[in-house]
Amino acid sequence: MTGLEGVGGCGGENSTVVESREWVMSAYAAEGVPTSDHLKLRTTKLSLDADSIPDGHVAVELLWISVDPYLRTRMTGHDDGLYFSQFALNEVITAFGVGRVILSKNGKFSTGDIVVNPFFPFAEYCIAPPTFLRVIDPTAGIELPAYLSSLGVPGFAAWVGIEVLGNPKPGSNVFISAAAGGVGIFAGQLAKLKGCRVVGSTGTDEKVKLLKEEFGYDEAFNYNKETDFDAALSKYFPNGIDLYLDNVGGKMLEAVLNHVNLHARIPICGMISQYNQIWTEREGVRNLLNMVGKEVRMEGYLVGSYLDRFDDFTKEMETYTKEGKLRSKHKIYCGMESFIESLGSMFTSSNIGKVVIQVKP
């Protein structure tokens, strides 16, 4: 038995047990990209009898699962000053996902509802509490993967960084690193919608072309070719940088601090260039003193601290999407078995846009 039996009509009508594949953290990976030595795909049987579902809970079939860089930070075995605790060993990891309710014991949810949850187990089926579940409208003209990208964590991270913390004025010079990634694509578009001049850094010539032709960036450069970041920023920002959304840290952040304008703002969204190294081997930033003379504001942020603004974000991003002012791009991996490959892909230059897994192609 490999599918849903007796709920939704796939075979044995009297059975309410499914086989569900799920990803488990079997060992921590202090360095490098996690592999099958650290993550295991196992199959469990899940009862969907009404008596097996706690009151207030719902049974969900996962449709789409988000693969995000922050997942890597929960697999090191060290709480490195980060906001989420480490995944527990031998337990199912969690991720942002979109699913379909197949049985409900909660009056707020009905069979067939499409729901999103930032903490779904990384599994094909689950029994979920209502705490973080939110119903979405599949007929709203927005594709479901967008709820994991433009309307999910990456879009919210971009929106907070640009709209809330950056708040650039028309004509501001804005720089986005990892610009073709899940956050960067939306950050650049939001800055353009505010009338800014936007430049992005990315890892291939193909992505440079995409940023300029499809996502409206004024300029972009390939950091694998423009290896002298100081020289590159001098070329692309002759009038300095007013806002830098940092997704990479390390040498790029250090170079930016040589080109900031007075009262520049640097929201720190992530530091993906450093995630696969233990902290003692990460690249330091030697010129933080530049922040003093230029009175720069550098601020790390967690999207969870801005949940009171989530409704504002959703309304604005839905409007932009429906009006055709905001574009998404997804790198889709197929099937639960693709997780390790999809996770590793984020630490190369192989992906464009938001990485998602379609659970059942």
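Predicted model, so just to flag it, every value in this text is computed and none were measured. For the numbers below, each heavy atom of this structure counts, side chains included, while hydrogens, waters and symmetry mates do not. This chain uses plain numbering: 1 for the first residue, then up along the sequence.
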key: Matching residue for F132 among F120, F310, F119 - test: ring-ring contact (aromatic ring centres under 6.0 Å, His included)   =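 Running ring-ring contact (aromatic ring centres under 6.0 Å, His included) over F120, F310, F119 with F132 returns exactly one hit, F119.
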
task = Find the distance between CH2 (W64) and CD (Q358) and round it off to the nearest 0.5 Å.
result =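 Answer for the CH2-CD pair, W64 versus Q358, is 4.0 Å.
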
Separation between NZ of K329 and CD of E214, rounded to the nearest 0.5 Å =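 Nearest 0.5 Å value for the NZ-CD distance: 4.5 Å.
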
query = Looking at R100, R42, K360, R21, which one forms a salt bridge (Lys or Arg N to Asp or Glu O under 4.0 Å) with E124?
reply =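 For E124, the salt bridge (Lys or Arg N to Asp or Glu O under 4.0 Å) test succeeds with only one of R100, R42, K360, R21, which is R21.
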
[X] to [Y] - nearest heavy-atom pair and separation:
{"X": "D308", "Y": "S305", "value": "OD1-O, 4.0 Å"}
{"X": "F339", "Y": "I357", "value": "CA-CD1, 3.7 Å"}
{"X": "L257", "Y": "L288", "value": "CD1-CD2, 3.8 Å"}

inquiry  = Checking side-chain polar atoms at under 3.5 Å, does K354 have a donor or acceptor matched by the opposite partner on S66?
reply    =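 Yes - a donor-acceptor pair under 3.5 Å links their side chains.
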
message = For D242 and H263, which I'm curious about, is there any donor-acceptor pair between the side chains at under 3.5 Å?
response =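 On atom types as modelled, these side chains do not qualify, holding no pair under 3.5 Å.
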
query = For F156, is the NZ or CZ atom of R309 found under 6.0 angstrom from the centre of its six-membered ring and inside 45 degrees of the ring axis?
reply =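 Not satisfied by the 6.0 Å and 45° rule.
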
task = Could you go through the side chain to side chain contact (heavy atoms under 4.5 Å, CB included) check for L253 and M298 one step at a time?
result = CA-CA 11 Å; L253 174 59; M298 185 188 298; 4.0 Å; yes

Cluster check V92, F87: I/L/V/M/F/W/Y, side chain < 4.5 angstrom =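 No: no chain of side-chain contacts under 4.5 Å links V92 to F87.
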
ask   = Can you tell me if D49 uses its side chain to pair, donor with acceptor, with the backbone of T16 under 3.5 Å?
value =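 No, D49 side chain to T16 backbone: no donor-acceptor pair under 3.5 Å.
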
What side-chain donor-acceptor pairs closer than 3.5 Å can you find for residues 171-195, not counting sequence neighbours?
from: S172; atom 1: OG; to: K169; atom 2: N; distance (Å): 3.1
from: S172; atom 1: OG; to: K169; atom 2: O; distance (Å): 2.8
from: N173; atom 1: ND2; to: G240; atom 2: O; distance (Å): 3.3
from: S177; atom 1: OG; to: Y244; atom 2: OH; distance (Å): 2.9
from: S177; atom 1: OG; to: N247; atom 2: N; distance (Å): 3.0
from: Q189; atom 1: OE1; to: R327; atom 2: N; distance (Å): 2.8
from: Q189; atom 1: NE2; to: I185; atom 2: O; distance (Å): 3.1
from: Q189; atom 1: NE2; to: R327; atom 2: O; distance (Å): 2.9
from: K192; atom 1: NZ; to: C196; atom 2: O; distance (Å): 3.3
from: K192; atom 1: NZ; to: D218; atom 2: OD1; distance (Å): 3.1
from: K192; atom 1: NZ; to: D218; atom 2: OD2; distance (Å): 3.0
from: K194; atom 1: NZ; to: N167; atom 2: OD1; distance (Å): 3.2

task = Determine whether more than 12 heavy atoms belonging to other residues, nucleotides or ligands lie under 6.0 Å from atom NZ of K40.
result =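 Check passes, neighbour count above 12.
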
inquiry  = Run the side-chain hydrogen bond (donor to acceptor under 3.5 Å, both in side chains) test against D55 and tell me which residues pass, sequence neighbours left out.
reply    =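 Result, side-chain hydrogen bond (donor to acceptor under 3.5 Å, both in side chains) vs D55: K105.
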
